[in-house]
Structures are given as structure tokens and as C-alpha cells.
There are 2 protein chains.
Amino acid sequence: MFKKITQQRIFEDLVAQIEGAILDGRLKTGDQLPAQRDLVDMFQTSRGPLREALRVLEQKGLLEIKRGVRGGAVVKQPGMAPVAESLGLLVRHREITLAELSEFREGVEGSVAAIAAQRATPADIRQLKSLLKQAKKHVGDGIEAWQAFCHVDNRIHVAIAKAAGNRVYEFVLRMVHDNIQQYYEAHPLKGQPFMQENYQDLCDIVTALEKRQATAVRALMQSHVRRFNRYMNSQGGNP
Amino acid sequence: MFKKITQQRIFEDLVAQIEGAILDGRLKTGDQLPAQRDLVDMFQTSRGPLREALRVLEQKGLLEIKRGVRGGAVVKQPGMAPVAESLGLLVRHREITLAELSEFREGVEGSVAAIAAQRATPADIRQLKSLLKQAKKHVGDGIEAWQAFCHVDNRIHVAIAKAAGNRVYEFVLRMVHDNIQQYYEAHPLKGQPFMQENYQDLCDIVTALEKRQATAVRALMQSHVRRFNRYMNSQGGNP
DNA sequence: AAGAAGTTAATGGGTAACCCATTTAATTTG
DNA sequence: CAAATTAAATGGGTTACCCATTAACTTCTT
């Protein structure tokens, strides 16, 4: 209900004030804050706490700090990096397992695809088909074929998320993808059949997407992701 | 591919070292770090950068810092608070809209319910039914009836997430719920019919869940959440 | 002129020495 | 024995420096 009051610390007040100014628009993206020595004057405090506040705001992704003349703190547009970072901490701290994350990804990718089926524009479909053509070229053996295929596969997933037209899904998807990726740093070599299967999955997905069959797309996407996870877990470096 | 090298700053090295020690288990939850003056000795640096590092780690939810004798930095189990915080920033910075967040919630709640339909134990079902009984009591008019009903409704959602047995879903759900909630600080009064409808939704969901009808549960849950969002948007304080 | 090289000054980063406030534990006192 | 007091450890904050970096300015060379 209420939050514990520990706020006797100056840096917390500084963070709150600057963050407030950014969030309600008094400070806009790209604006430059005064130099630390001036801020210290304005806030009537000393550099220690001020620096701590700037560190925190930097870590939150709200500021970027450059050194040298004409340097200083610049207001930054916060992206999903801090969200991904803290989620990554949970994963690496083993509070959530790879299996849970994979299952989550399965559901989210399914939902994203289902929404995309309702909203994809002809332009989206065209782009997906062009990506499919690229993917087809990369179906083959060898490590560089695998990497190229993965790259296109990823672009297809992102394109579908964009077609769904919801940035939350897009953010979450990329976030989860990045965090899962960390588990498979050194990909073992995948064979041509695996890529062939995956390529077929993608074709089916795009086809169903074009026909706006939302539930079918969801199921196809889920089984596609599940297949990928299964392969990764069986052969990959799950520690 | 590579990350920009700006790491001449001492505090970043300190953060990396301490974070590393926590993540690979050399420091466990509950462990106490040496006093700042000792750490300064160990790291051969000065208090300024050390304090900045501790601030960052505190903000990441990895440390808790107490003052006074026997105080100091204690390793903390990082929860979802930092993730929720940074997501909240994105929402408040208007990078993502309430509509997008609501749609996301719809999909996630649907997936959670579908998984729960496959996994719910008899004990889970029993608990849900007992919560339904409580909800029934609160269906009525007046602001306190509405608040009580909301409280039970929320408990039911959480219980379903727990039944799904995937903490990622549980985290994400609570995170999204908290962030959506902020938009509706002052709930306008809802009438008895609205609560009646919602209660009926919940009953249908639990019934389908007991029968393990995953797709039906997903659809029911989605329409339940959608109804809630629609009401909130039409009458609520969406700025 | 034009460009290269050096200079300057602003700015963040870091250090050291110090004091204050808080908090727990030990000690004194009634 | 309990309450009050004192002591000591610890984080928080302040001040006064100095250093490293960097953009802008100046000067020199061709």
C-alpha cells in the first residue's frame, strides 16, 4: 500500500527530481543538463551525492554522460535495454530457468503471430515473402549456412512482431530472444534437415498469415518455437 | 556484435566484479560485504567510485544497504521489482501506450490460462473455487464492494498464474498489472452489473479450466480481460 | 588559403581527509 | 534487573584538490 520511507538520502531526492523532470517533459530527449559543478550549486549539495544520482539515472537508461569540454549529462530516450538487463539478471541468478523462459517465448510468439494475422498489411506480407526467399538460399550444411539462416529467421520473427503493430510484444520478444541466446553462445553445428524443417515451418506460417488464419498461425508458430527449443536443449550447451 | 568500450571508469569495473561474484555464487543471498573503508582498501580505490558502484548495484536490486553499526551492504535476492521499474519508465515516458500494454496483457493472460488448463492440480482447482465463493460475496454496489471484488479478482488471476507453474508468466503478469493499475489510480464507481458480468466470466473460466479445455479457457480469459480494459477505458481516467 | 599541429579551457573522473547521523552493543546507573 | 547512557562502527555528506579527456581555438607550415 505505502512504500517504506528511507528517503533521507540526498541522491534519492536528486534522482526523483531529475527523473520527474524527464518524465513530465520539462527535460526532453537530447537536452543537456548543466555541468556537475553548476548542478551542485543549484541543488545546494555536493558532488558525491550528485554523481551517485547521475550514475543511477545512467543505469536506468535516462541519461548518457560524456566527458571532456561540452560534455556532461544528456537526456536519452530510454529503450528496452534496462528492462532486458534486469530480466537477464533474474535468468543468470537462476531465479527463472531456461525452460520457463522458453515456454514463455512460445506463448508470446504465438500471440504475436495471431495478432499479426489480423493486422498484417500487404506490404508486411510482401516483406515476409522476400525474407523467406533469402532463408531458402541459406538452407544448407555448414556453420556459416547455419548462422546465415539464423539471422534471417530472426529477421522474420521481428518482421512478424512489427506487423502485429504492438511495441510491447516487439520489446518483450527481443528481450526474451536476447536472454535465451546467451545460453547458446557456442552453437553446435546443425544439419541441413533441421534447417529444412524450420524453413518449412516459416513458409507455413507466412501462408497461414496471409490467409488471416489466426488460430492456425498461433499453433504453427508455437510448434516452430517448440521445435527450435527442443533441438537447442538436446544438442545445445544447456549448462 | 561488440560493445562499445567506455570502461575506463572505475565504478563500472567494481560493479562488474561484485555483480560477477554474486551471479556465480561466490557471494550468496544474505552475505554481508565488508565495510566501505575495507572495500576501498581491497580494491585500491577511493570511496567515491565505490559508493557509485554500490548505488548502481542497489538500484539493480542486488544489494541492500543499511546504515549504522553492523550495517553495510547485504546481498539481496533480486526480484522482479527492477524489471517492473524499468518497464514502468517506458510506459510513463509514453514510449508504449496503455492500449498496447492492455493488448499485451490480454494475450499473456490468455496463454497463462491455457497453460494452467493443462497443468492445474486438483488443489489448484479447489483453491480457485474457494476464491470464487469469496468473489460472489463481494458482488454488489458501492465503492467498498468494488474494491473487495477487485482484490479477489486479482487473487484469482495470480492463482491461475501459479497453477500454470511458470514464474516468468507470473512475473510478467504482475508487472503488467502493476503498470496498468497506475493509470487507474482513482477508480470510478462500478455498478453491480459490471461485477456480475465479471463474476460470471471467472466462473466460466474456472469451469473450463477444470475440464482442461485449453483453447476455450484462452478465449474466455481474453474476453474477460478485454471487457475489463474496455470498461476501464470508457469510464476510467485514461489521460 | 588550407590544413596540420599544438594550446587552452571546460568538464567528468578520481582521491584524500574530514565530519556528521544513525544504529547497535556494551556499560553504567537507579 | 531494567532503563538510561555511552561508545564505537558504519554509511552519508562535504570540501578541496588534481588528473584525463575532449571540443574549440590558435598558430604554424606548406
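In what follows, every heavy atom counts, from backbone to side chain, and hydrogens, waters and symmetry copies are set aside. Here the structure is a predicted model, which means the values were calculated and not measured.
Contact between B:I115 and B:A164 at its shortest, heavy atoms only, is CG2-O, 3.7 Å. The shortest heavy-atom contact between A:P82 and A:K60 is CG-O, 3.4 Å. Contact record, B:Y169 with A:G107: OH-CA, 3.3 Å, taken as the closest heavy-atom pair.
Chain B approaches DNA chain C within less than 4.0 angstrom (heavy atoms of the protein), and the contacting nucleotides run 5' to 3' from C:dG13 to C:dT24.
If you find the closest nucleotide of DNA chain C to B:V69 and to A:G68, the one lying nearer the 5' end belongs to A:G68. Both A:R70 and A:P49 lie near DNA chain D, and the one whose nearest nucleotide falls closer to the 5' end is A:P49.
Summarising the geometry, the separation between CZ on B:R37 and P on D:dG13 is reported as 13 Å, rounded to the nearest angstrom. For the pair A:L39 CG and D:dT14 C1', the computed distance is 17 Å after rounding to whole Å. We find that CG of A:D13 is positioned 15 Å from P of D:dG12, with the value rounded to whole Å. Look at CG on B:D41: it is 15 Å from C1' on D:dT10, rounded to the nearest Å. In this structure, the CZ atom of A:R47 is 14 Å from the P atom of D:dC18, given to the nearest Å. Counting to the nearest Å, the P atom of D:dG13 and the CD atom of A:Q44 are 15 Å from each other. Taking atom NZ on A:K66 and atom C1' on D:dT21, their separation rounds to 13 Å, with Å as the unit.
Checking side-chain atoms of B:N179 against main-chain N and O of B:M175 turns up a donor-acceptor pair under 3.5 Å. Between the side chain of B:R55 and the backbone N or O of A:E52, no donor-acceptor pair lies under 3.5 Å.
When heavy atoms are screened at a 4.0 angstrom cut-off, B:I65 is found touching the sugar-phosphate backbone but no base atom. In this structure, A:I10 reaches the sugar-phosphate backbone alone: every heavy-atom distance under 4.0 Å involves primed, P, OP1 or OP2 atoms, never a base.
With respect to B:R119 and A:E103, a salt bridge is recorded, a charged nitrogen being found less than 4.0 Å from a carboxylate O. B:E100 and A:R167 are joined by a salt bridge, as a carboxylate oxygen and a charged side-chain nitrogen come within less than 4.0 angstrom of each other.
Taking side-chain N and O atoms only, B:R51 has a distance below 4.0 Å to OP1 or OP2 of D:dG12.
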